[in-house]
2 protein chains.
Amino acid sequence: MSSAGTDLGRRVTIRDIADATGVAPSTVSRALSLPDRVNHVTQQRIQQAARELGYVANSQARALTSGRTRAVAVLVSDITNPFYFDVIRGTQHQLSAAGWTQLLVDTEESADAELAALGAIATKADGAVLTASRLSDAQIARFAERTPLVVVNRRPAGVPSVLIDTPGGVEQAVQHLVSLGHRDVLYVAGPDSSWSNERRWRALVRVAKRLGVRVARISPHAPFVDSGAAAADAAVNAGATACIAFNDLIAIGMLTRLRERGVRVPEDMSVVGCDDIFGADFCNPPLTTMTSPIERAGRVAIRMLLARLGAAHSGAGQGPGSGPASGDDLPDGHAAGAVALPTHLTVRESTGPAPASPRRPT
Amino acid sequence: MSSAGTDLGRRVTIRDIADATGVAPSTVSRALSLPDRVNHVTQQRIQQAARELGYVANSQARALTSGRTRAVAVLVSDITNPFYFDVIRGTQHQLSAAGWTQLLVDTEESADAELAALGAIATKADGAVLTASRLSDAQIARFAERTPLVVVNRRPAGVPSVLIDTPGGVEQAVQHLVSLGHRDVLYVAGPDSSWSNERRWRALVRVAKRLGVRVARISPHAPFVDSGAAAADAAVNAGATACIAFNDLIAIGMLTRLRERGVRVPEDMSVVGCDDIFGADFCNPPLTTMTSPIERAGRVAIRMLLARLGAAHSGAGQGPGSGPASGDDLPDGHAAGAVALPTHLTVRESTGPAPASPRRPT
DNA sequence: TTGAAAGCGCTAACAC
DNA sequence: GTGTTAGCGCTTTCAA
């Protein structure tokens, strides 16, 4: 009892509309997808008939002939990680606002799965967003030649990318710790395969040198809350009084473990996370962290991709939103270049003054 | 330098394979999708050639002729809600294990968007999973006639559904509170449009009556952390000493607000959440909540859907997983019936003994 | 077991 | 402007 008209068994095709209105199927096609190339009156008649018959375009057929699917694939390396939820949220919003479809693919940290997905995607989607790809820059660049790609948190030459400027955040974090009297900072590393991990560490080393702070690094930890326990133990063992963790998941896990062990945060140990994911503000104590515009990164990635795919789209049929993706959050940065999104430090209760007699980190 | 063979500009089609092997395209098609209906030797030859040429089936074309897309749409009412993350995680895993594609759609709490999506989906996917649908039972049933559907947390007659048994959890929660000496329980309601909300409230009334507990209910709250502040104020104002919130988001928001106001949890007020989402274990204090097998619900929904769509699938080509969805987590419950997944209460530190002189709730 | 031919629903030249 | 004619890449009768 809503938008669907008279239903017969079969799905309505442009032929049905053609028969109903007495025009050729091709005219119907035009009236629906290129409305200006058709007499205004017949155009109206056709659209009317389409509505009455409850016509819904067959996207497969449309894709087969036109080569365009109006879908984009979003690849995440681990759908279990809350970080990606924000990315997905951003891509989803921007995509649906433009009337496009999102194909969500979890590559499960596997380069092979990623390759397979990229291969399969070529016919299913017009482009893809790669977040935290496990492929080499060369591999990414190669695929980018065939399929329009935008990468998030990677920077392969020639491929448009969206970068979250966590190095900038690292600088703020160190400065914050210094202002609290800390002189030693321990980096709780993320996975070796992570591009961001290296990037953060290098930024940390650079800033630390400039500010005269000693830094150390403990071995890689998988980006899960559960990894935080081992990380906390290692940090305590290293005599650390201030840690910067690869991400909030690890940091939150550390908080829990430190509490269990009776290590007070921030009195005995300051902890800084990265990303400001869901939960960082209500954990115990609330986490000082580098707030990343993650959702925005997702939106921006889609906007860049859609721009490359030819932004203008006549709203042919149904679907909530239509028209090109709107919004003013696309920083300047050339269509094929890299866009860097700023990060800022959000200070909460997990950081505080350095202990009076700091133990020395290893 | 991996799976892709000699590339020419164009994508490889079955024609290319046919030319390369000297058979007809139709034979190639058969060799790839119905391998047993072809001479074993030529079959091998064809598959070999396909591999060497780097053939990837065009899913559009396949869908156009066969009518099957090997994709399913998952509709969520608000992708912003962590509850759905777990659902999506479950659906994604089960789907990719079977070599299927997931189309993620955010209906943004709008019945119209949901209708539109369902219409559009018919050609894009072979079926859909509806979580927390905003449509009427009749509307859902009507769509289910055309498109295979599985609903989560709804129970329209004749449509297979996956139910998370939060009413069972409510019973445990009340009993827990009673055992702590509570005699008054306040229900912090979720949105009126939520089917689960009514269901939980009715369960609460029923159990409370049986156990001789007084219950009250405060007005609806949107399922966001931010709504928790108003909810907490209302609860305090009502003189409550024990609350059961519609979900963890609201409960976590309440925790924060109560802390700000100096109301101690659980000494002054016990708080119970629902769902056990990410964060419920590390908020402050950790939340007593009804643990729901959300991810499992997603997996089960997909398994039911795939079963209805004809589980057996010959692994024609690439893709990480192939073969029918495996796993042993499909509870008995008829293919077209309702499957109820049990919930259990996880007691953490947000609940404790009733205050000595309880104030009376309104 | 294999090939030839038709056609899925739509778009895109090309004529009229 | 609009109709006619070919396909897109694949599956699927129907014969051979």
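Every chain is numbered from 1, with letters handed out A, B, ... down the list of sequences.
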Q) Under 4.0 angstrom, heavy atoms only, what part of the nucleic acid is A/Ser29 near: base, sugar-phosphate, or nothing? A)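 Base: the residue A/Ser29, judged by heavy atoms under 4.0 Å, touches a nucleobase.
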Q: Under 4.0 Å between any heavy atoms, over every strand shown, what does B/Thr42 touch: base, sugar-phosphate, or nothing? Just pick one.
A: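 Sugar-phosphate contact only - B/Thr42 comes under 4.0 Å of backbone atoms but never of a base.
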Identify, with sequence neighbours excluded, every residue that meets side chain to side chain contact (heavy atoms under 4.5 Å, CB included) alongside [X].
X: B/Ala157; answer: none
X: B/Ala20; answer: B/Leu53
X: B/Glu145; answer: none

Q | Which residue lies more 5' along DNA chain C, comparing A/Arg30 with B/Val23 via nearest heavy atoms | A |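 Its nucleotide being nearer the 5' end, the pick is B/Val23.
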Q: Identify, between B/His40 and B/Ser66, the residue whose nearest nucleotide on DNA chain C lies closer to the 5' end.
A: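 With B/His40 and B/Ser66 compared, the 5'-side residue is B/His40.
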Can a donor-acceptor pair be found between the side chains of [X] and [Y] at a distance below 3.5 Å?
X: B/Ser77; Y: B/Tyr84; value: yes
X: A/Glu52; Y: A/Gln48; value: yes
X: B/Thr69; Y: A/Gln60; value: no
X: B/Ser59; Y: A/Thr123; value: yes

Q: Give the angle between the helix axes at the two ends of the helix from C/dT1-D/dA16 to C/dC16-D/dG1, taking five base pairs at each end and rounding to 10°.
A: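 About 30° separates the two local helix axes.
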Q: Examine the base of D/dT5 for any acceptor or donor lying under 3.5 Å from a partner atom in the side chain of A/Ser26, and report the outcome as yes or no.
A: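 Side chain to base: no pair present.
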Q. Among the nucleotides D/dT2, D/dG3, D/dC10, which one has an atom lying closest to any side-chain atom of B/Ile14?
A.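 For B/Ile14, the side-chain atoms sit closest to D/dC10.
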To the nearest Å, give me how far apart [atom1] ([X]) and [atom2] ([N]) are.
X: A/Gln60; N: D/dG7; atom1: CD; atom2: C1'; answer: 18 Å
X: B/Arg62; N: D/dC8; atom1: CZ; atom2: C1'; answer: 16 Å
X: B/Arg11; N: D/dG9; atom1: CZ; atom2: C1'; answer: 11 Å
X: A/Asn58; N: D/dC10; atom1: CG; atom2: P; answer: 17 Å
X: A/Asp36; N: D/dG1; atom1: CG; atom2: P; answer: 11 Å

Q: On DNA chain D, check which nucleotide each of B/Thr65 and B/Arg37 is closest to and give me the residue with the more 5' one.
A: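 Result of the comparison: B/Thr65.
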Q. Within the structure, does a side-chain N or O atom of A/Arg45 lie under 4.0 Å from either OP1 or OP2 of D/dG1?
A.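 For D/dG1, OP1/OP2 do not have a side-chain N/O of A/Arg45 under 4.0 Å.
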Q: May I ask you to evaluate whether A/Thr27 reaches the phosphate of D/dG3, defined as a side-chain N or O under 4.0 Å from OP1 or OP2?
A: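 Affirmative; the distance criterion is met.
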Q. Earliest and latest nucleotide of DNA chain C, 5' to 3', sitting under 4.0 Å from a non-hydrogen atom of chain A?
A.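 On DNA chain C, the outermost contacted nucleotides are C/dG9 to C/dA13.
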Q | Contacts of A/Ser110 that satisfy side chain to side chain donor-acceptor pair (under 3.5 Å) - sequence neighbours left out | A |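 A/Ser110 satisfies side chain to side chain donor-acceptor pair (under 3.5 Å) with no other residue.
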Q: Walk me through it: do B/Trp100 and B/Asp126 pass the test side-chain contact (heavy atoms from CB on, under 4.5 Å)?
A: CA-CA 10 Å; B/Trp100 283 53; B/Asp126 295 343; 3.5 Å; yes
